[in-house]
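Contents: one structure, followed by commentary.
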Amino acid sequence: MESEEGEILTRPCKTLAMEEEEEAKPKVVVIMGPTGSGKSKVAIDLASHFPIEIINADSMQVYHGLDVLTNKVPLHEQNGVPHHLLGNISPNVEFTAKDFRDCAIPLINDILSRNCLPVIVGGTNYYIQALVSPFLLDDTTESLDESLGNEHLGDEHTLEFGRNDFNNYHYLKELDPAAANRVHPHDNRKINQYLNLYARSGILPSKLYQGKAAENWGRIDSCRFNYCFICVDASIPALDEYVGQRVDVMINAGLLTEVYEIFNPHAVYTRGLRQAIGVREFEDFLRLYLLKRRINMASDSIDECCEMVSENNDEMLKHNAREILFSSDGNELKNVLVDAIEKVKLNTRRLVRRQKRRLSRLRTLYGWNIQYVDSTESISSRSDETWAAQVVGPAVEIITSFLRADSSSVCDGVGKKLIERNLWTQYVCKACSNRVLRGAHEWEQHKQGRSHRKRVSSIRKSQGANRSAVSND
């Protein structure tokens, strides 16, 4: 283990007493994985083998509303399995990792008191990381936890630093260059988080995050519970195809009607449910749609038109969207809608890749013992038999072994030095259009990527051709 400043921190090897203490801890199963891999489905299927209750760890599914867009499991598909933190948080608040931790721990204890197995299910890795990290669980660090803000200052304490994202980043760079190096210039949510943190505490974010938090965040060798981590994963091509098809199904199921119900021309998309992929992407379409409706209704503004349209049947927009999509002429409204749908698919595929990278980091940076179950074939074939044999079966075996085991399954590699992770050093790849990378680990991963290697190869060939041309001259 090492700090953000590069100091290597080694963890002692487990003694017999430590192993016995971990074995005495209550056991919890965590099912992780990228969007579309089948996490929720496998969790529900596990109820046929174990007395389980599910705690949702998806940062958008915790909110009330947008059931289609956020792909919440419908009640009739839950098969009677109790689900917690699923759609019961106000969509207008920011439900942070700390909030999740504070809600999840009592739920876990309640489930255990009923002699059931708690199963945490979700693709929001920072929720899970907050739950298992001793930094957030240790009461002695509560004062530091409060000073960090942990991504949540509350609506009443959140300051506005202007509407221009670039100006906010420029201000942060002047204020705290080290913190600015850690975020992408367009990551307005993180930029504002750092600025609010400084406004409230008066301490530079880099100073806070390079202290106690950096040493402990992600460590899981002193957990409150004994965790079994299962990752339901699939190949990128299979997931790309599946999420594209799923977006089309969502459109037919009324996704646009859901998004319209929370549409506000003056909305902020960096807090609460409006952060979900599939909300902001349809803003241009809804504005244009309402503009045309305004003309037909002779209303004075889009706001007034919103009120008038909302009084009509909820099925109206769903019906109109189908007509627009399947119209033969390439009118402006259809083009904008098709473009919005493609953006949702693209951003969902990008999310899949980010989730995969983050899961990889939990193993390489922190030594999490994540056991993988491959759902590629079952996703591609849509076969129930394949799903049962290749996904549910292996998951059942992993959990059965975990429940019978005499030692902790929390992490492996204890006593090893993990990969250096200086996230406070910024790298810029000129070959890839000045792409910004955070830390040596992310930089090394980027350099190994096929896209980067192809760009570098192309640049070298171009430079070689230019040198040859000069020599010939």
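Partners of Lys343 according to the salt bridge (charged side-chain N to carboxylate O under 4.0 Å, His left out) rule, which considers only residues two or more places apart in sequence or in another chain, are Asp339. For the side-chain hydrogen bond (donor to acceptor under 3.5 Å, both in side chains) test, residues two or more places apart in sequence or in another chain that qualify with Asp374 are Thr376. In terms of the side chain to side chain contact (heavy atoms under 4.5 Å, CB included) criterion, residue partners of Ser40 (sequence neighbours excluded) are, by chain and number, Val73, Val121. Legend: residues meeting ring pair (Phe, Tyr, Trp, His ring centres under 6.0 Å) with Phe100, ordered by chain and number and at least two apart, are Tyr127. Applying the salt bridge (charged side-chain N to carboxylate O under 4.0 Å, His left out) test to Asp58 and every residue at least two apart in sequence or in another chain returns nothing. Residues forming a salt bridge (charged side-chain N to carboxylate O under 4.0 Å, His left out) with Glu258 (at least two apart in sequence, or on another chain): none. Listed by chain and number, the residues in a side chain to side chain contact (heavy atoms under 4.5 Å, CB included) with Ile111 are Glu53, Ile55, His84, Arg114, Cys116, Pro118 (sequence neighbours excluded). A search for salt bridge (charged side-chain N to carboxylate O under 4.0 Å, His left out) contacts involving Lys447 returns Glu444, not counting sequence neighbours. Looking at residues two or more places apart in sequence or on another chain, you find no side chain to side chain contact (heavy atoms under 4.5 Å, CB included) involving Pro106. Judged as a side chain to side chain contact (heavy atoms under 4.5 Å, CB included), and not counting sequence neighbours, the contacts of Asn88 are Leu85.
Residue pairs meeting the salt bridge (Lys or Arg N to Asp or Glu O under 4.0 Å) criterion with at least one partner in residues 236-250, sequence neighbours excluded, are Asp240-Arg353, Asp248-Lys345. For residues 37-61, no residue pair satisfies the ring pair (Phe, Tyr, Trp, His ring centres under 6.0 Å) rule, not counting sequence neighbours.
Lys173 NZ: 12 or fewer foreign heavy atoms inside a 6.0 Å radius.
The shortest heavy-atom contact between Cys432 and His452 is SG-ND1, 3.5 Å.
At least one side-chain heavy atom of Val352 sits under 4.5 Å from a side-chain heavy atom of Ile236. Contact check for Ser90 versus Tyr63: no side-chain heavy atoms found under the 4.5 Å cut-off.
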